[in-house]
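Working notes for the structure below.
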Amino acid sequence: DAKTTQPPSMDCAEGRAANLPCNHSTISGNEYVYWYRQIHSQGPQYIIHGLKNNETNEMASLIITEDRKSSTLILPHATLRDTAVYYCIVRVAASFGNEKLTFGTGTRLTIIP
Amino acid sequence: GAVVSQHPSRVICKSGTSVKIECRSLDFQATTMFWYRQFPKQSLMLMATSNEGSKATYEQGVEKDKFLINHASLTLSTLTVTSAHPEDSSFYICSAALAGGPGELFFGEGSRLTVL
């Protein structure tokens with residue numbers, strides 16, 4: 001799986017959009033960008049994933065650059081409950097027998113009241 | 001979404017004793033479960049892959065005789081930390097993949113082990 005680089009920490013004001021960047025310059029054509037988050041002392045939670053098109057769900061939006069070498073996770077209206085460590089993971093599409101995830105160091109996002 | 005439950009959520013034991021942690025998929029069958037370990041302020045590290053009805057596959061550097069994994073059914077995997085020592089104190093997290101499904105992982109709440 002391709003290596004990712006994320007800033008170690010970020011702050012964001014409550015109610016504002018939180019934009020979390022991720023660099024994955026060695027990504028391969030068949031690799032997806034996945035985002036998970038881990039709230040303190042809990043298991044990771046799936047947020048979103050995408051291949052090359054921008055994606056949006058009820059939790060977040062994922063913007064992938066045209067060259068796919070970087071992406072941004074956007075939490076449109078951050079709340080205090082969004083304080084967590086966010087992991088950007090690049091991997092081939094999840095499929096039966098290929099579910100293993102390798103976690104990097106992630107970005108510790110702190111939402112400021 | 002699919003629910004994965006771990007038990008116990010917290011356990012304290014004396015050095016030299018063994019501790020068993022259970023991981024259950026509550027509303028789906030999981031052919032494969034994964035066990036991760038996380039030390040304070042560090043990321044999750046994969047310990048082993050647990051396959052129903054067969055031996056677990058351990059990551060490099062993980063002692064299989066110390067961390068016994070049993071995946072006896074499609075809804076239950078157990079991790080036993082044998083002869084626990086203070087350095088085994090950690091947050092243990094399991095995840096499960098939907099059997100025959102698209103391969104997305106669902107994570108348990110984690111189990112915090114403290115060895116005195």
Side-chain angles (χ1 to χ4, degrees), chain A residues 1-10 20 22 24 30-51 55 57-60 62 81 83-110, chain B residues 1-7 9-10 21 23-25 28-52 54 56-60 77 90-114:
Chain A
D1 294 339
K3 180 180 171 61
T4 62
T5 304
Q6 298 177 253
S9 64
M10 291 181 62
L20 291 90
C22 179
H24 31 79
N30 63 343
E31 289 181 314
Y32 286 67
V33 180
Y34 281 77
W35 284 85
Y36 282 77
R37 74 179 181 183
Q38 185 180 23
I39 296 170
H40 183 63
S41 293
Q42 296 184 23
Q45 176 189 23
Y46 166 81
I47 301 174
I48 198 168
H49 75 282
L51 181 63
E55 302 287 343
N57 63 21
E58 64 278 7
M59 289 184 68
L62 174 60
R81 287 192 296 268
T83 292
V85 177
Y86 288 76
Y87 296 98
C88 169
I89 300 169
V90 173
R91 57 172 294 195
V92 295
S95 61
F96 183 59
N98 181 35
E99 305 89 349
K100 185 166 67 175
L101 284 176
T102 302
F103 288 84
T105 53
T107 295
R108 182 173 299 276
L109 175 67
T110 303
Chain B
V3 178
V4 176
S5 178
Q6 283 184 241
H7 178 80
S9 58
R10 291 178 181 271
I21 300 170
C23 176
R24 295 181 183 272
S25 54
F28 68 102
Q29 293 185 329
T31 305
T32 305
M33 291 184 174
F34 300 88
W35 286 95
Y36 290 83
R37 178 169 56 181
Q38 185 176 34
F39 293 109
K41 299 190 183 302
Q42 295 187 22
S43 187
L44 288 80
M45 296 297 295
L46 180 66
M47 298 176 65
T49 302
S50 168
N51 296 297
E52 187 266 337
S54 64
T57 303
Y58 291 81
E59 296 297 304
Q60 191 173 8
S77 176
S90 187
F91 193 51
Y92 292 88
I93 305 167
C94 75
S95 64
L98 183 65
E104 295 301 338
L105 277 182
F106 304 96
F107 286 85
E109 318 96 317
S111 299
R112 186 164 300 283
L113 170 64
T114 302

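Keep in mind that this is a model prediction, so the values were computed, not measured. In the text below, chain A, chain B and the rest are named by the order of the sequence lines, each starting its count at 1. Atom set for the values below is all heavy atoms of this structure, side chains included, hydrogens, waters and symmetry mates excluded.
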Working note: B:Tyr36 + B:Phe107, criterion side-chain contact (heavy atoms from CB on, under 4.5 Å); need CA distance, chi angles, decisive distance, verdict.
CA-CA 10 Å; B:Tyr36 290 83; B:Phe107 286 85; 4.0 Å; yes

Can you tell which part of B:Leu46 gets under 4.5 Å to a heavy atom of chain A, answering side chain, backbone, both or neither?
side chain

Please flag which part of B:Gln38 lies under 4.5 Å from any non-hydrogen atom of chain A: side chain, backbone, both or neither.
side chain

Contact part of A:Gln38 toward chain B, heavy-atom cut-off under 4.5 Å: side chain, backbone, both or neither?
side chain

Do the side chain of B:Ser25 and the main chain of B:Val4 share a donor and acceptor less than 3.5 angstrom apart?
no

Output for pair (A:Ile89 CD1, A:Tyr32 OH), nearest 0.5 Å, gives 16.0 Å

Can you see whether A:Tyr87 has A:Arg37 sitting over its ring - NZ or CZ less than 6.0 Å from the centre and within 45° of the normal?
no

